[in-house]
2 protein chains.
Amino acid sequence: MTKDDLHTPALIVDLEAFESNLTKMASHVRERGLGFRPHAKTHKCPEIARAQIAAGAQGICTAKLSEAEVFAEHGIRGLLITTAVIGKRKIERALRLAAAAPDTIFVVDHEENARELSEAALAEKTRLDVALDLYVGNRTGITPGQPAVELAQKIARMPGLTFQGLQAYAGHASHTVTFAKRREVSQEAMGKAVETRCLLEKAGFEVHLLSGGSTGTYNIDTEIDGITELQPGSFIFMDVDYARIGSQDGSEKYTDFASALTVLTTVVSRPEPRKAIVDAGLKAFSTDKPWAPEAKNVTGLKYFFAGDEHGRIDFSEAERELKVGDRLEFVIPHCDPSVNLYDRLYAVRGDKVEAVWTIAARGRSQ
Amino acid sequence: MTKDDLHTPALIVDLEAFESNLTKMASHVRERGLGFRPHAKTHKCPEIARAQIAAGAQGICTAKLSEAEVFAEHGIRGLLITTAVIGKRKIERALRLAAAAPDTIFVVDHEENARELSEAALAEKTRLDVALDLYVGNRTGITPGQPAVELAQKIARMPGLTFQGLQAYAGHASHTVTFAKRREVSQEAMGKAVETRCLLEKAGFEVHLLSGGSTGTYNIDTEIDGITELQPGSFIFMDVDYARIGSQDGSEKYTDFASALTVLTTVVSRPEPRKAIVDAGLKAFSTDKPWAPEAKNVTGLKYFFAGDEHGRIDFSEAERELKVGDRLEFVIPHCDPSVNLYDRLYAVRGDKVEAVWTIAARGRSQ
């Protein structure tokens with residue numbers, strides 16, 4: 001099977017770029033003696049998780065419990081679920097997951113939730129591994145420093161929980177433009193996590209885990225003492241958004257990882273002289289970033305969203321006319337939510353489709 | 001099962017609002033003697049298609065071939081596929097679909113594609129019903145008027161095709177704000193379609209079909225002579241975007257149809273005094289409109305997207321504090337691409353979950 005055989009829109013990963021990205025990140029982390037637990041919310045794909053583990057990852061992160069359930073069913077272990085599991089019904093599922101995959105780590109940032117987890121574990125005569133989720137970014141977590149230490153002390157007295165350490169995700173750092181500014185933001189955020197780690201150790205805790213980092217900050221965070229593992233996600237695929245954050249050498253383009261993910265489309269209509277309509281719109285690309293999909297290997301094309309199912313291509317500055325039936329490949333503005341729109345990922349080398357990977361945890365946001 | 005039993009984020013349709021929307025649209029169209037072929041790209045759900053047919057629809061529209069395949073498998077007939085089927089591989093599928101569901105209508109806007117369809121049909125010793133897709137909006141189609149008549153004449157000479165009529169979708173009209181402006185835009189766009197119909201009839205064609213219209217223009221387009229059927233989609237659910245287009249009586253809110261679709265979320269973290277994080281982000285709501293999700297039944301909450309899996313709620317102006325574990329329901333900014341993120345739709349009456357409907361054509365964009 002070649003790319004020509006695919007029914008469009010089709011989600012495509014270029015294996016050469018993907019493998020080189022994975023090798024580069026895994027080597028970088030390994031050479032610095034750190035752990036590697038890539039974030040699977042990016043790909044939601046058991047085959048990719050297996051490739052990551054084969055490359056040296058000790059497991060994967062998932063954003064949600066339902067994602068972790070899918071990966072566990074596919075035999076993936078070393079799971080860290082990066083959002084707290086809230087409410088009786090989800091806690092019941094967490095216990096079932098932990099029974100199947102006992103090295104799963106859950107995060108907590110709230111005393112009552114920790115207590116509910118502990119009681120549920122006790123009722124099952126088991127213990128759950130937990131990490132404190134620290135608020136070092138702009139999403140979830142407990143305030144670093146003293147509030148975190150106090151919550152850890154409460155957790156230490158909960159007989160159903162085993163305190164493993166910390167999670168600190170600085171989402172605002174990952175996409176900060178220019179390397180210099182990004183380093184500043186990440187060092188400040190992760191500094192709070194390291195400080196909390198020190199306070200915990202002074203208070204007598206063993207901190208086995210301080211998990212953080214992202215595709216944008218991987219080479220910043222590995223230089224910060226006290227972080228034990230990196231959890232980057234997008235580096236395997238990359239996207240228009242990440243390509244704009246700037247490299248360490250000062251160049252505007254972020255070239256550390258190669259663009260590996262595209263959507264293959266077909267021109268389905270030519271309603272105006274310099275305009276073509278492709279069969280990929282709001283249901284084929286996520287739209288949360290201000291950037292449009294960017295044509296791969298063709299210059300002078302401009303993509304505009306034209307509804308749920310269509311994109312409008314202005315080719316007035318292109319080198320050639322577009323015809324109905326032409327196929328165009330586009331780099332994705334933001335990889336994670338776009339991958340979540342597809343059931344399958346076509347893994348290609350050159351034009352050959354080497355494998356069809358199931359995005360088994362697609363839609364698993366619960 | 002009640003709403004409290006649902007694992008969040010969960011997509012919910014309020015049956016009372018849904019049923020009243022469906023009855024209202026079906027009656028409006030029936031009373032004016034027009035056909036009703038609602039667009040199923042909105043819901044992608046066989047149970048809803050069946051409800052629409054029970055309410056008087058003669059079939060449904062789908063945007064893509066793969067959607068139509070799913071509905072045909074579920075026994076739905078009267079399919080109109082509103083995007084041209086391009087390329088040898090898809091045409092093979094179109095022939096298989098037409099064998100299973102012979103009253104399916106395909107659209108064409110391009111001579112070469114029509115010829116390929118005709119040849120493929122001939123090779124199978126069959127004929128395909130086709131409608132000309134007219135460019136009266138901002139997406140696909142052949143230029144109305146003489147170019148359309150010429151293409152129809154070529155189609156009439158293609159032995160594998162039966163010309164059925166016209167499709168004219170004016171996407172730019174549907175969301176035009178204020179009723180008066182919307183009427184102007186729709187009348188101009190659909191006027192071109194009606195004019196093309198007249199030219200075709202003068203040229204000796206029987207035009208059985210002129211399909212068009214939308215949730216925003218239903219009460220404009222039913223007053224235009226020459227349109228044979230309406231193909232609105234969003235009216236069953238509604239969303240923040242459609243609620244803003246204004247009513248015929250001049251009021252800012254569009255109240256013709258009731259808000260029926262929400263996402264149920266849970267507060268999973270309280271990182272700051274007046275801020276809460278819910279478990280629904282970019283993978284739970286589409287982001288193609290400038291509006292945020294709007295809290296239902298609670299005033300003073302502001303939702304901000306906070307990444308793939310989270311939303312940040314500012315409740316500084318709310319009547320009460322939000323706690324971890326609280327459940328909040330949000331009206332969706334844009335229904336179609338949001339529904340496409342879910343596998344299931346929970347149909348509720350009050351707090352009771354009456355049915356769980358499978359969004360069987362979710363992700364079917366091919």
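Just so we're clear, the structure is a prediction, and the values are computed from it rather than from any experiment. Order of the sequence lines sets the chain letters (A, B, ...), proteins ahead of strands, with each chain counted from 1.
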What are the two closest heavy atoms between [X] and [Y], and how far apart are they?
X         : Y         : value
Lys283(A) : Lys41(B)  : NZ-O, 2.9 Å
Ile359(A) : Tyr342(A) : CD1-O, 3.4 Å
Lys289(A) : Pro333(A) : CG-O, 4.3 Å
Leu132(A) : Ile155(A) : CD2-CD1, 3.7 Å

At a heavy-atom distance under 4.5 Å, which candidate from [options] has the highest pair count against chain A?
options                                   : result
Arg362(B), Lys64(B), Arg93(B), Lys90(B)   : Arg362(B)
Lys88(B), His110(B), His334(B)            : His110(B)
Val268(B), Leu341(B), Asp279(B), Thr82(B) : Val268(B)
Ala63(B), Gly325(B), Pro9(B), Ser286(B)   : Pro9(B)
Thr266(B), Val267(B), Asn138(B)           : Asn138(B)
Ala84(B), Gly311(B), Ala306(B)            : Ala306(B)

Using heavy-atom distances under 4.5 Å, tell me whether [X] contacts chain A through its side chain, its backbone, both, or neither.
X         : value
Asp109(B) : side chain
His310(B) : side chain
Asp133(B) : neither

Are a donor atom and an acceptor atom from the side chains of His175(A) and Asp241(A) found within less than 3.5 Å of each other?
yes
Using only heavy-atom distances, determine whether the side chains of Thr8(B) and Thr265(B) contain a donor-acceptor pair under 3.5 Å.
no
Side chain from CB out, backbone as N, CA, C, O: work out which of these in [X] comes under 4.5 Å of a heavy atom of chain B, or both, or neither.
X         : result
Asp343(A) : side chain
Arg312(A) : side chain
Asn340(A) : side chain
Glu111(A) : neither
Phe305(A) : neither

Could you have a look at [options] and say which one has the most heavy-atom pairs with chain B under 4.5 angstrom?
options                                    : answer
Ile277(A), Asp308(A), Thr140(A)            : Asp308(A)
Gly141(A), Gly171(A), Ala280(A), Ala284(A) : Gly141(A)
Leu6(A), Thr287(A), Val85(A)               : Thr287(A)
Pro337(A), Ala276(A), Gly87(A), Gly307(A)  : Pro337(A)

Residue Glu272(A) excluded, over 12 heavy atoms near CD under 6.0 Å:
yes
Tell me, do Leu134(A) and Tyr169(A) make a side-chain contact under 4.5 Å, heavy atoms counted?
no
Do the side chain of Arg270(A) and the main chain of Lys275(A) share a donor and acceptor less than 3.5 angstrom apart?
yes
Among Thr262(A), Leu261(A), Val240(A), Ile313(A), exactly one meets side-chain contact (heavy atoms from CB on, under 4.5 Å) together with Phe330(A). Which residue is that?
Ile313(A)
So, do Phe237(B) and Tyr242(B) have ring centers that fall under 6.0 Å from each other?
no
